[in-house]
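Structure record follows, encoded as structure tokens.
These numbers were taken from a predicted model, which means no experiment stands behind them. Each chain gets a letter, A, B and so on, in the order the sequences are listed, and its residues count up from 1.
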2 protein chains.
Amino acid sequence: MNVNVKSHGSEPTAKLATWCCAPVDTEALRDDQASALADVFAALADPVRLRIFSLIASQGEVCSCNLEAPLQRSQPTISHHTSRLAAAGLIVGEKRGRWTWWRPVAGQVDEVARVLRVTPSTGDADTLA
Amino acid sequence: MNVNVKSHGSEPTAKLATWCCAPVDTEALRDDQASALADVFAALADPVRLRIFSLIASQGEVCSCNLEAPLQRSQPTISHHTSRLAAAGLIVGEKRGRWTWWRPVAGQVDEVARVLRVTPSTGDADTLA
DNA sequence: CCTTTATATCGATGAACGTCAATGTGAAAT
DNA sequence: ATTTCACATTGACGTTCATCGATATAAAGG
């Protein structure tokens, strides 16, 4: 069937799960950790990219051709945003036939969620040293 | 005693927990939800702000005066970043005497982490490259 | 009052970003 | 081979941003 399956997308620059980092409330981030993490947040800091990512994550797999209409953006703009999400390691693309299919990278987004976790043990009535 | 305790910081524009939204993999984000969420991510999309937030979250409470040295940024720059974090609802400031003390808002960051969660039970996810 | 201290705001500058029209690329269909 | 189709890349434009120096505000101590 899929003879023309190729891996696709920019080489992700962010490989958070391999080396970054303790939850933000347990230990202060080093500068290099903060830079890598900021790159991932920057990829999510645009409403169009967020909607693209949620469309991909909720459908499991989405073709680029099915993103232009719901987001009302031009084809180059969609391509630009999928590239940025891929560079951040949040999605991966696979070219099958003429279409590029994008899937979420669960590990990357879970890693971000883990780092973001703030222990609720800091009650508001507590004395905070 | 602390007679001069005042609430402080810009009125947070992002009140995610009150209305936003399903995890990104269960339902596609609406445009207004994506915009609000993108604002929070934009607040985290800078290495200096990330380190400020992690310093505050890990210490529970930090004075602005203790941020300039570790981050090696000027006082106006630190003030600018704390304002942006406060506007995103991620921290709150309290002016006691001459100093402004910043604390994390656990609910906001937990809400972001919850929305980010991607269930690893995505049906066809076994073919991840 | 005046001075000191901590923080906020203003103005400017250079960099990065979102967007689209035009164009390039490579694979599929005819 | 030629055309068509899906997507990437380029170039340009206006906007937003991070940063700092200068200045303003506000509180505490004299």
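- Contacts of His80(A) with the nucleic acid, taken as non-hydrogen atoms under 4.0 Å apart, include base atoms.
- At least one donor-acceptor pair under 3.5 Å links the side chain of Ser54(B) to the backbone N or O of Leu29(A).
- Counting to the nearest Å, the C1' atom of dT9(C) and the CD1 atom of Ile78(B) are 16 Å from each other.
- In terms of phosphate contacts, Thr77(B) brings a side-chain nitrogen or oxygen within less than 4.0 Å of OP1 or OP2 of dC20(D).
- Atom NZ in Lys95(A) sits roughly 11 Å away from atom C1' in dA28(C) (whole-Å rounding).
- Protein atom CD1 of Ile52(B) is 13 Å distant from nucleotide atom C1' of dT7(C), rounded to whole Å.
- If you measure from atom CZ of Arg49(A) to atom C1' of dT19(C), you get 12 Å, rounded to the nearest angstrom.
- In this structure, the CZ atom of Arg84(B) is 10 Å from the C1' atom of dA18(D), given to the nearest Å.
- Closest contact between the side chain of Asp46(B) and the listed nucleotides dA6(D), dA22(C), dA18(D) involves dA18(D).
- When heavy atoms are screened at a 4.0 angstrom cut-off, Ser64(B) is found touching the sugar-phosphate backbone but no base atom.
- We find that CZ of Arg73(B) is positioned 21 Å from P of dA6(C), with the value rounded to whole Å.
- Listed nucleotides dA6(D), dG18(C), dT7(C) differ in distance to Arg98(A); the shortest reach to its side chain belongs to dA6(D).
- The side chain of Thr100(B) has dA8(C) as its nearest neighbour among dA6(D), dG18(C), dA8(C).
- Side chains of Trp99(B) and Ser64(B): a donor-acceptor N/O pair is absent below 3.5 angstrom, by distance only.
- Of the side-chain N and O atoms in His81(B), none sit less than 4.0 angstrom from OP1 or OP2 of dC17(D).
- With hydrogens and angles disregarded, a donor-acceptor distance shorter than 3.5 Å links the side chain of Thr82(B) to the backbone of Ile78(B).
- A side-chain donor from one of Thr77(A) and Ser74(A) sits under 3.5 Å from a side-chain acceptor of the other.
- A straight line from CD of Glu68(B) to P of dC20(D) spans 10 Å, rounded to a whole angstrom.
- Distance CG (Asp31(B)) to C1' (dG18(C)): 14 Å, rounded to an integer number of Å.
- Not a single donor-acceptor pair, N or O on each side, falls under 3.5 Å between the base of dA6(C) and the side chain of Gln75(B).
- When distances are taken from the side chain of Val48(B) to each of dT19(D), dG18(C), dA8(C), the shortest belongs to dT19(D).
- The pair Arg73(A)-Glu68(A) fails the salt-bridge criterion, with no side-chain N (NZ, NE, NH1 or NH2) lying under 4.0 Å from an Asp/Glu carboxylate O.
- Nearest to the side chain of Pro76(B), among dC17(D), dT7(C), dT9(C), sits dT9(C).
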